[in-house]
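Labels below follow one simple rule: chain letters A, B, ... track the order of the sequence lines, proteins then strands, and each chain is numbered from 1.
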Amino acid sequence: MIDVILNTIVSGILIGGFYAACAIGLSISFGMLRIPNIAHPGFIIAGGFLTYYFNKTFGLDPLLAGLLIIPIFFAFGFLLYRGYNRFFESKRDEREGQMSALVLFFGVLMIIEALLSVTFGVDFRTVTTPWSSIVLHFGSVGICLRMAVPFLCSVLMVCILYLYFSKTYLGLVIQAVAQDSMAATLIGSDPRFAKSIAFGISFSTAAYAGTLFVCLVPVEPSLGMQFLGRVFSIAILGGLGSPLGTAVAGLIVGITESLTTAYIGSSWTLAVSFILLLIIIAVKPTGLFRR
Amino acid sequence: MSMKRFGLMLIILVVVASFSMAGGKAEGQEGSDTEPIRIGASLALTGNLGSAGKSILLAWQICLEDWNAKGGVLGRPVELVYYDDHSNASEVPGLYTKLITVDKVDFIQSPYGTPAITAAMPIAMEHGMVYPGNAALAANKEFNYKYYFSFWPLGPRQVEGIADLFFEAAMSSGEKNLTVAILSEDNEYGARVSEGALESVKKYGLKVVYNDRYPPSPATVDFTPVVRAVQNTGADLFFVGSFPQGTISIIKACKEVGYKPKLFGGAMTGVAYAANLTELGPLLNGVCACCYYVPEPTIQFGNVEDFLETYQSRAAVEGVDPLGYYNPPWAYSSMDTLLKAIEATGSLDQTVVGDYILANGWDSVVGKGAWDPAGSGEIAESRGFLVQWRGIESNDLSEFMVPGKQVIIAPEEYQSGPMLWPSPLFED
Amino acid sequence: MMKKVSFELIIPGIIVACIGLLIAKLVSGIYFFYVCYAILQMIALAAAWNILGGYTGYVNFGIGGFFAAGAYTSIVLLKYYEVNFLVAILAAGTVSGILGLLIGYLSIRVRGIYFSISTIAVSTILQMVVLNTPFLGGAKGFKIIRPPAFPPFSNYIEFLFLLILLISFFAVAVSRLIEKSWIGRSFLAIKDSEQAAETSGVATLKLKILATVVSCALMGIAGAPYPYFITLLEPYSAMGLTLGTYAFAAVFVGGRGCWFGPIIGAVLLGGLQQSVTVMISSEWNILVVGLVIIAFVLLAPNGVVGLLKGRKKPVLLKKKDRV
Amino acid sequence: MALLEMKKISKSFGFPALQNVDLSIDAGDRIGLIGPNGSGKTTLTNIITGLIACDDGQVIFENRDITKLSAHRRSRLGIARTFQIPQPFYSLIVRQNLYIPLRCRLKSEEAMFTEAGRLLDLVGLSDKADGLPSDLTQIEQRELELARALALSPRLLILDEVLAGLTSQEIDGALEILRVICESGVTVIMIEHIMKAVMGFCNKIVVLNSGMKIAEGMPEDIFRNPEVERAYLGE
């Protein structure tokens with residue numbers, strides 16, 4: 001009995017870490033930069049497909065391939081923010097702009113899906129590695145590396161981001177810009193540059209989350225659209241803009257879903273993250289960990 | 001500002017122009033003897049059903065090429081008019097109306113999947129079109145349309161019948177007091193499969209210890225909790241009704257939590273796709289699932305091998321499923337049977353052709369047979385069979401192209417080898 | 001007020017119905033009605049969304065959920081209880097309106113993207129409820145056989161066309177009625193500054209709830225004839241994101257906070273979607289629609305209406321307010 | 001008889017923002033509410049207008065307990081305010097901005113049109129009546145704030161730093177307008193940092209510091225109060 005609970009909770013923690021990796025980029029782009037990038041799940045899937053491509057073509061380990069595509073996504077995110085700022089953000093006031101930006105990124109999401117279908121076909125794709133079927137046993141708890149490795153990578157990612165944003169100069173500048181871009185100019189930093197960097201980071205996390213995704217389960221191009229709601233609700237649960245908060249929110253959702261599957265019925269799991277979200281909104285609208 | 005206005009006007013112009021062109025496009029002139037005979041369809045070429053849709057399209061194209069190489073139908077070339085419905089059933093009624101009333105195609109083929117096929121059914125009925133179906137679950141149940149012909153190998157009992165194969169195999173082991181766990185995807189397919197399983201279980205007097213559904217991908221990413229819940233019941237038979245992503249993940253999860261039921265599988269779809277087979281590789285050993293074609297000597301119908309050879313050479317180039325064990329033979333047969341009926345009757349009249357197909361049954365690369373006498377539009381006898389994988393050593397595609405590795409264990413008439421009991425799951 | 005309602009709703013409604021009937025009699029191509037149905041449905045949804053999202057600034061992402069709530073209500077009543085179609089439509093509006101009330105109370109606590117995501121949450125939970133309720137067809141959904149056509153229609157789709165024509169007219173007329181009254185002005189005040197509106201004597205909570213209820217009820221009404229159009233009502237296609245996002249995008253293409261913006265947007269976007277589908281039979285058609293949406297957002301920030309009126313003028317302005 | 005009475009008002013946002021504040025304002029008073037930044041002036045304003053609820057205490061307006069009343073009901077009773085950062089309704093033209101509060105007391109569009117014209121005249125915006133608020137300067141936006149507050153025909157008017165950023169000449173002009181308003185029977189609470197204006201205009205001053213009322217009285221007395229000096233200048 002206790003074994004089942006333990007194993008269930010461990011599964012929940014492992015998948016929760018992966019959820020956090022998916023949501024953390026959104027937390028940065030929406031929480032810090034106020035850019036409602038609903039195309040984020042689309043970029044995650046794109047990252048997954050690129051990892052698959054590198055793995056199949058050059059036989060690279062997916063975790064390594066993921067590291068290779070990070071610079072590509074970073075550069076893309078950096079440039080995309082430049083374009084976004086030049087052609088969009090600077091031209092309208094923030095509140096109106098956010099609503100239009102939702103539609104803009106919806107268009108981007110459609111384009112990603114179309115390009116992926118054209119390039120990679122519409123089949124389910126996944127990456128298998130020598131380590132993915134290994135299962136480690138700790139007493140009665142079994143941990144499978146297919147789940148554990150993505151979890152560890154996510155933890156690493158959250159830690160790096162946390163340290164980056166709280167310890168490095170540029171990280172602190174980004175935080176300052178997030179609070180007040182006028183104030184940041186006073187200390188002599190270009191808010192546009194800081195924001196571009198942050199958006200690039202957000203994209204890098206999407207790329208690596210995609211790598212982890214394709215290691216975990218098969219993906220196909222239209223998955224991004226379907227994954228949207230959950231990623232957003234985790235980012236909000238964690239309090240936007242807080243890497244640690246997102247991690248904890250991911251874990252909470254993962255564990256709750258896992259327990260629901262085991263004890264209530266798997267047919268209700270999809271509702272879990274949303275019911276949690278509604279409860280949080282009723283109690284504390286700014287999310288669990290908003291400072 | 002004026003640049004912007006100019007840009008906008010340009011966009012509006014393009015939209016309006018394309019709209020009017022679309023309305024007026026392809027108003028076919030009829031009657032001429034050299035004009036091609038046109039077959040219309042919409043298919044899921046994008047969206048979540050895109051994979052199946054694309055392989056069906058290729059099969060149809062091969063069929064039309066075969067006919068055109070032989071000089072066409074009634075001396076006229078055959079042509080395919082198709083649209084992409086984005087796997088979205090609500091686009092289907094409009095597209096079929098356009099095919100029939102605007103493009104004025106001579107015959108139609110169905111789209112792919114139950115929702116889309118059902119959505120186009122009233123249109124086909126209204127215009128009295130012959131309506132060959134491609135992979136729907138009991139689409140004709142409420143409609144009872146006379147000219148609906150389902151080219152799908154499951155027969156009158158549909159997916160519910162898969163459960164019979166699975167539990168029949170389990171009973172043939174001679175073991176008593178087996179317990180059963182049923183897990184299915186939360187969609188129409190899963191619902192029907194689990195209903196069938198409950199009926200079968202009742203028939204054989206087995207005991208159900210677990211019965212639940214899981215939300216379809218991507219809502220469920222991690223299957224270990226649900227598999228662990230099943231494992232916890234200690235069920236001897238684990239019957240699963242899943243779509244491709246679930247299939248892969250559930251098999252992996254079973255291996256990971258170390259759950260080894262005596263028989264595992266059933267109605268898991270996606271095990272006919274090359275991408276999934278190579279993904280799973282040795283993990284498939286001991287798994288039992290319903291298939292419609294495997295290279296075993298006991299199921300030599302029609303000339304399906306020849307077709308698959310052509311298909312496989314083309315599929316590699318076009319980037320669709322390179323094996324073609326699932327939809328393509330049946331899609332080819334669906335088109336082929338229709339064209340044969342036109343040729344045989346010498347008529348383009350829907351009633352004449354429809355009555356001919358109804359009377360003469362189906363006959364193509366998948367062999368021949370009759371229609372369900374009850375009028376459901378399904379084939380008279382199921383052509384699905386239960387396969388047990390064994391001796392798969394690598395993740396290479398060639399593993400799945402030779403006999404002996406995908407052994408048919410039920411029904412008896414197609415059996416190509418004895419069932420291994422208990423199933424040697426995941427053994428290399 | 002009653003006089004105004006009858007002038008703005010009933011008389012034009014009768015005229016629209018007559019025009020619709022005339023079209024149904026004159027146009028013989030049935031395909032025309034299918035295309036029109038899809039576009040009119042988008043107009044109705046876009047106009048309904050605009051009442052909440054365009055005027056008060058609360059963005060509802062759960063359009064599919066409220067639409068499907070209407071569709072399910074109507075099919076349950078029609079199939080199990082064999083009620084009159086009109087009753088089914090009213091009931092569909094009522095059920096979605098009650099759900100809208102729920103969303104309205106959410107707006108007390110949250111706004112902005114938080115509100116939007118909660119609407120997705122409500123709509124997903126609805127989907128779960130449908131999936132787990134056999135009475136509502138569960139995952140298998142409902143298969144629907146259309147009744148035979150009845151005079152004066154030669155085809156059932158003509159009847160559905162007339163129905164959705166009236167529904168979309170109704171949705172647009174209601175939003176126009178709101179826009180031209182003090183209620184619309186107060187909605188805009190809420191959008192611009194809820195605090196300032198409240199201290200200027202606007203009962204913001206009551207008005208927000210009014211907006212959500214009317215908006216959601218109209219979405220439900222738009223969903224009522226849908227089961228007969230699609231003939232298979234199942235949770236995934238009815239509640240998916242696609243329907244809603246297109247409606248939502250239509251408002252932005254046309255122009256927000258203005259009653260005819262949604263009409264322009266839905267005709268452009270719906271027309272584009274329909275024509276691209278039959279012209280380009282591959283992945284590229286999604287790409288084209290995506291690019292057009294992006295182009296519109298970049299080039300026409302306030303939609304087509306904004307471009308036509310010029311950026312500096314507010315969308316809502318009556319002639320007599322100017323000297 | 002007091003127009004507005006506040007009894008033992010307390011409010012906490014995790015930290016105490018207001019503690020046991022008592023305040024009594026008579027009809028016709030011109031109150032200056034001063035205090036350093038973060039002393040609770042804006043919180044007090046929000047509690048009077050009803051935008052936030054107090055944790056403890058009572059608000060009585062014209063002998064009626066309005067503690068539980070919502071903000072829009074209070075504004076209909078005659079409590080009006082301006083915002084420190086102007087919050088005009090950007091989607092409406094300047095004239096229509098006034099229609100929002102005017103609808104509380106006038107029913108016909110014609111009457112609203114006339115009244116809006118009169119108010120815009122008063123604050124000197126009549127030539128901008130058909131423009132958009134986004135085209136107004138910061139100062140004009142404050143004038144619009146004032147006109148919108150006056151449109152409620154208030155009994156009590158709370159002005160949140162309406163004079164900030166004005167030249168001393170402009171301040172004199174603005175105070176002139178405010179005197180006219182007071183003479184028509186409106187009680188004014190003025191939150192202000194410009195001491196010259198406060199001294200010249202108010203007949204009574206209330207000083208807040210760290211959420212507590214530390215002094216209350218005639219202007220000349222207040223500035224001789226050592227506690228006030230400490231609050232402003234530090235120890």
*asked:* Below 30° counts as parallel, above 60° as perpendicular, anything between as tilted: where do the rings of Tyr189(B) and Phe243(B) land?
replied: tilted
Could you tell me which portion of [X] (side chain, backbone, both or neither) has an atom closer than 4.5 angstrom to a non-hydrogen atom of chain C?
X: Asp186(B); result: both
X: Pro122(B); result: side chain
X: Glu185(B); result: neither

Aromatic ring proximity [X]/[Y], centre distance under 6.0 Å:
X: Tyr145(B); Y: Tyr131(B); result: no
X: Phe252(C); Y: Phe248(C); result: yes
X: Tyr148(B); Y: Phe143(B); result: no
X: Phe159(C); Y: Phe85(C); result: yes
X: Phe153(C); Y: Phe150(C); result: yes

When the 4.5 angstrom heavy-atom criterion is applied to Ile144(C) and chain B, the contacting part is backbone
Cut-off 4.5 Å, heavy atoms of chain B, and the answer for Phe32(C) is neither
In terms of heavy-atom pairs under 4.5 Å with chain C, the winner among Ile123(B), Ile100(B), Thr118(B) is Thr118(B)
If you tally heavy-atom pairs under 4.5 Å between each of Ser90(B), Ala191(B), Ala120(B) and chain C, the highest tally belongs to Ser90(B)
Largest heavy-atom contact set with chain B, pairs under 4.5 Å, which of [options]:
options: Lys140(C), Met128(C), Glu234(C), Arg146(C); result: Lys140(C)
options: Ile157(C), Leu232(C), Leu233(C); result: Leu232(C)
options: Ala238(C), Ala38(C), Ala139(C); result: Ala139(C)

Does a side chain donor of either Ser110(B) or Asn134(B) reach within less than 3.5 Å of an acceptor in the other side chain?
yes
